[in-house]
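Read the structure below first, then the notes.
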Amino acid sequence: MNFLITGGAGFIGGNYCHYAVEKYPQHHFICFDALTYAGNLETLEPIMNKPNFTFVKGDISNAEDVENVFGKFDIHYVINFAAESHVDRSILDPGLFLKTNILGTQVLMDACIRHKTIRFHQVSTDEVYGDLPLDRPDLLFTEKTPLNPSSPYSVSKTSADLLALAYHRTYGLNVTISRCSNNYGPYQFPEKLIPLIIDRALHNKPLPVYGNGLNVRDWLHVYDHCTAIDAIVTKGKTGEIYNIGGHNERANIDVVKTILDVLDKPYSLIEYVKDRPGHDARYAMDPTKIRTELGWDPVYTFEKGIVPTVQWNIDNRKWIENIQSGEYLNFMRRQYGD
Ligand code: NAD
Ligand code: DAU
């Protein structure tokens, strides 16, 4: 079977390529990625020469690029990780998010219909549900929670989910959707909270915490996200949505303090800064459906996963420093000031 892994040079797609190329030597994985600021071929170096892996540069919102890759390989499965993924960037530049995340998904699904692809899997997010109140720890997002996205990023992901469901109903496309909570682990771009804090703490730089630091995220190690997607693609039912999460809710300030403890750095590095506009208060996933129907379970707690993640960021300084050039510095100045 041939699998098209879009966005496979990014954080989660890259981890998925590593996982799947190793686990399924009998299948061929074609990574299709536009190599935006977030795409990094260095992430794929360990598998680049494997016989069951091929990299193709292309843009999911460009119909010609997509048709070319479908024409060249007989694509049986598509797993769509490709997206603009950073909420803060979506607040600065919403248009690109709508183009990549919505139109890109449409272009891919049109190709799936033309080429009679067996399955299109859309990698989505818990952010489609909006947020939960901080004073109701009993509430969790289920697959039936109404969609109520807050940021341009989450609206673009919600739109893509709805389009995927419409393609399933209208054209009979075999579609599954996964909605995962916040990921962390190796190869994460250092604009996201955890790798940003690790990098800045290592340099003894101030650590920007938005607002009062009490917003809650539900953290899942990227390895567990990969095994969940694998379970859905191989065992999930067409037209179904699966929430992914591992009950690892933490307030942002506690995440930052945990990282400082692991690094043995002082809390005095923490700096409370202007809040993110429209900042979602709390995310928390109910993964009962994927656990009971597909037998999936995560292997990492936050405490178990954060230590090797900090260590990975220490051991892979070159990977991080190679990113911290022109485009990255421009965004950091726009987002945080000088
Ligand atoms: P990322 O920003 O690290 O990587 C995105 C990848 O997509 C990059 O390699 C980039 O080059 C590629 N890409 C962007 N636009 C493209 C285009 N037009 N055509 C082809 N490739 C393009 O993102 P990530 O954190 O790895 O997220 C991957 C997916 O998982 C996204 O769909 C995101 O919405 C979803 N998700 C992320 C998280 C998280 O915590 N990071 C959680 C749940 C869901
Ligand atoms: O929940 C899943 C989502 O998680 C994914 O769909 C997104 O692609 C991914 O980027 C992530 O979104 P968040 O906005 O939750 O992640 P981020 O790492 O940007 O921020 C995590 C929390 O930390 C959030 O409450 C904002 C806060 N934060 C973030 C940054 C970058 C800070 O306090 N300071 C910062 O500098």
Side-chain angles (χ1 to χ4, degrees), residues 5-17 31-41 43-44 56-62 65-66 69 79-91 96-97 99-101 103-105 107-108 122-129 131 141 149-151 153-154 156-157 160 178-185 187-197 200 206-220 222 225 229 244-245 250-253 255-256 270-276 279-285 332 335-336:
I5 310 296
T6 71
F11 164 48
I12 306 172
N15 275 280
Y16 190 81
C17 285
C31 169
F32 182 78
D33 197 297
L35 297 181
T36 68
Y37 80 92
N40 190 343
L41 284 181
T43 300
L44 298 172
V56 176
K57 185 166 187 260
D59 179 346
I60 59 163
S61 66
N62 181 319
D65 284 0
V66 170
V69 75
I79 307 182
N80 183 26
F81 292 94
E84 288 295 332
S85 70
H86 193 35
V87 172
D88 291 325
R89 285 183 187 255
S90 83
I91 295 168
L96 181 59
F97 283 68
K99 179 169 183 268
T100 299
N101 299 358
L103 297 181
T105 304
V107 168
L108 278 175
Q122 176 67 2
V123 179
S124 187
T125 167
D126 57 3
E127 299 202 13
V128 301
Y129 300 119
D131 62 355
F141 295 135
S150 325
S151 70
Y153 162 73
S154 48
S156 70
K157 295 296 291 184
S178 54
R179 294 177 176 156
C180 191
S181 60
N182 283 64
N183 282 211
Y184 67 100
Y187 301 107
Q188 188 166 28
F189 196 84
E191 65 187 354
K192 307 282 166 60
L193 181 72
I194 288 182
L196 179 91
I197 295 298
R200 292 184 68 87
L207 309 179
V209 172
Y210 296 164
N212 59 13
L214 297 180
N215 302 62
V216 169
R217 295 294 182 266
D218 184 358
W219 294 97
L220 190 79
V222 64
H225 192 179
I229 290 175
I244 308 172
R250 298 287 181 284
N252 292 338
I253 190 64
V255 169
V256 173
I270 294 169
E271 187 174 300
Y272 291 93
V273 299
K274 195 166 149 283
D275 208 353
R276 171 185 281 174
H279 198 172
D280 281 339
R282 172 175 166 252
Y283 304 145
M285 276 304 207
M332 293 301 278
Q335 180 63 19
Y336 299 96

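Both counts, for ligands and for their atoms, begin at 1 and track the order of listing. Positions are given from 1, in the same order as the sequence printed here.
The option from H279, R200, R276 that lies nearest to atom 19 (O) of ligand 2, judged by heavy atoms, is R276. Counting heavy atoms only, P208 comes closest to atom 34 (N) of ligand 2 of the residues A83, P208, S151. Remark: among candidates Y272, W219, Y210, the nearest residue to atom 35 (C) of ligand 2 is Y210, based on non-hydrogen atoms.
For atom 36 (O) of ligand 2, the closest non-hydrogen atom of the protein is Y336 OH, 2.6 Å. For atom 1 (O) of ligand 2, the closest non-hydrogen atom of the protein is D126 OD1, 2.5 Å. Looking from atom 8 (O) of ligand 2 to the surrounding protein, the closest heavy atom is S85 O, 2.7 Å. Scanning all protein heavy atoms for the shortest distance to atom 27 (C) of ligand 2 gives N252 ND2, 3.4 Å. In terms of protein heavy-atom proximity, atom 12 (O) of ligand 2 is nearest to E127 OE2, 2.9 Å.
A donor-acceptor contact closer than 3.5 angstrom links the side chains of N80 and T6.
Near T125, meaning under 4.0 Å from one of its heavy atoms, ligand 2 places the atoms 1 (O), 2 (C), 3 (C), 5 (C), 6 (O). Atoms of ligand 2 found under 4.0 Å from any heavy atom of E191 (numbered from 1 in listed order, with element): 31 (C). Of all atoms in ligand 2, listed by their number and element, those nearer than 4.0 Å to a heavy atom of H86 are 19 (O). Residue V209 approaches ligand 2 through these ligand atoms, each under 4.0 Å from one of its heavy atoms: 33 (O). Below 4.0 Å from some heavy atom of V87 lie the following atoms of ligand 2, by number and element: 14 (O). Residue contact check: Y153 has heavy atoms under 4.0 Å from atoms 5 (C), 6 (O), 7 (C), 8 (O) of ligand 2.
Only one option out of N215, N182, T125, V216 pairs with Y283 in a side chain to side chain contact (heavy atoms under 4.5 Å, CB included); it is N182.
Not a single heavy atom of Q335 lies less than 4.0 angstrom from ligand 2. Proximity of K157 to ligand 2 is not established, as no heavy-atom distance is less than 4.0 Å.
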Check your understanding: Between F189 and N40, does a side chain to side chain contact (heavy atoms under 4.5 Å, CB included) hold up when you go through it step by step?
Key -> CA-CA 9 Å; F189 196 84; N40 190 343; over 6 Å; no
Review point. Between Q122 and L108, is a side chain to side chain contact (heavy atoms under 4.5 Å, CB included) present by the stated rule, with each step listed?
Key: CA-CA 10 Å; Q122 176 67 2; L108 278 175; over 6 Å; no
Practice item. Would you please test V128 and F141 for side chain to side chain contact (heavy atoms under 4.5 Å, CB included) and show each step? Key: CA-CA 10 Å; V128 301; F141 295 135; over 6 Å; no
Point to revise | Steps toward side chain to side chain contact (heavy atoms under 4.5 Å, CB included) verdict (K192, N183) | key: CA-CA 10 Å; K192 307 282 166 60; N183 282 211; over 6 Å; no
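The backbone N or O of A9 sits less than 3.5 Å from a side-chain atom of D33, completing a donor-acceptor pair. For K157 (side chain) and V123 (main-chain N/O), a donor-acceptor pair under 3.5 Å exists by modelled atom type.
Contact annotation: for L196 versus ligand 2, heavy atoms closer than 4.0 Å belong to the side chain alone. Residue-level proximity to ligand 2 for K192 is carried by backbone and side chain together, each with a heavy atom below 4.0 angstrom. Residue contacts with ligand 2 for N182 involve both N, CA, C or O and side-chain atoms from C-beta outward (heavy atoms, distance under 4.0 Å).
With rounding to the nearest 0.5 Å, the separation of CD in Q188 from CG in N15 is 9.5 Å. Going from atom CD1 of I12 over to atom CD1 of I5 covers 13.0 Å, rounded to the nearest 0.5 Å. Between atom CG of residue N62 and atom OG1 of residue T100 there is a gap of 11.0 Å, rounded to the nearest 0.5 Å. To the nearest 0.5 Å, atoms OG (S61) and CG (L103) are separated by 7.0 Å. Distance check, rounded to the nearest 0.5 Å: CG of L193 to CZ of R250 gives 13.5 Å. Separating the CD atom in E191 from the CZ atom in F11 is a distance of 11.5 Å, to the nearest 0.5 Å.
Considering backbone and side-chain N/O of Y283, none are found under 3.5 Å from N/O of ligand 2. Taking distance alone, with nitrogen or oxygen atoms compared against 3.5 Å, L193 approaches ligand 2 more closely than that limit. On a distance-only criterion, D88 and ligand 2 share no N/O pair closer than 3.5 Å.
The closest side-chain heavy-atom distance from R217 to D280 is below 4.5 Å.
Residue-level contacts of ligand 1 at the 4.0 Å heavy-atom threshold are G7, A9, G10, F11, I12, D33, A34, L35, T36, A38, G39, G58, D59, I60, F81, A82, A83, S85, T100, V123, S124, T125, Y153, K157, C180, S181, N182, N183, K192.
Both cation-pi conditions hold for R89 and Y37: the charged atom is under 6.0 angstrom from the six-membered ring centre and inside a 45 degree cone around its axis.
Ring-plane geometry between Y16 and F81 is classed as tilted, the angle between the planes lying from 30 to 60 degrees on a 0 to 90 degree scale.
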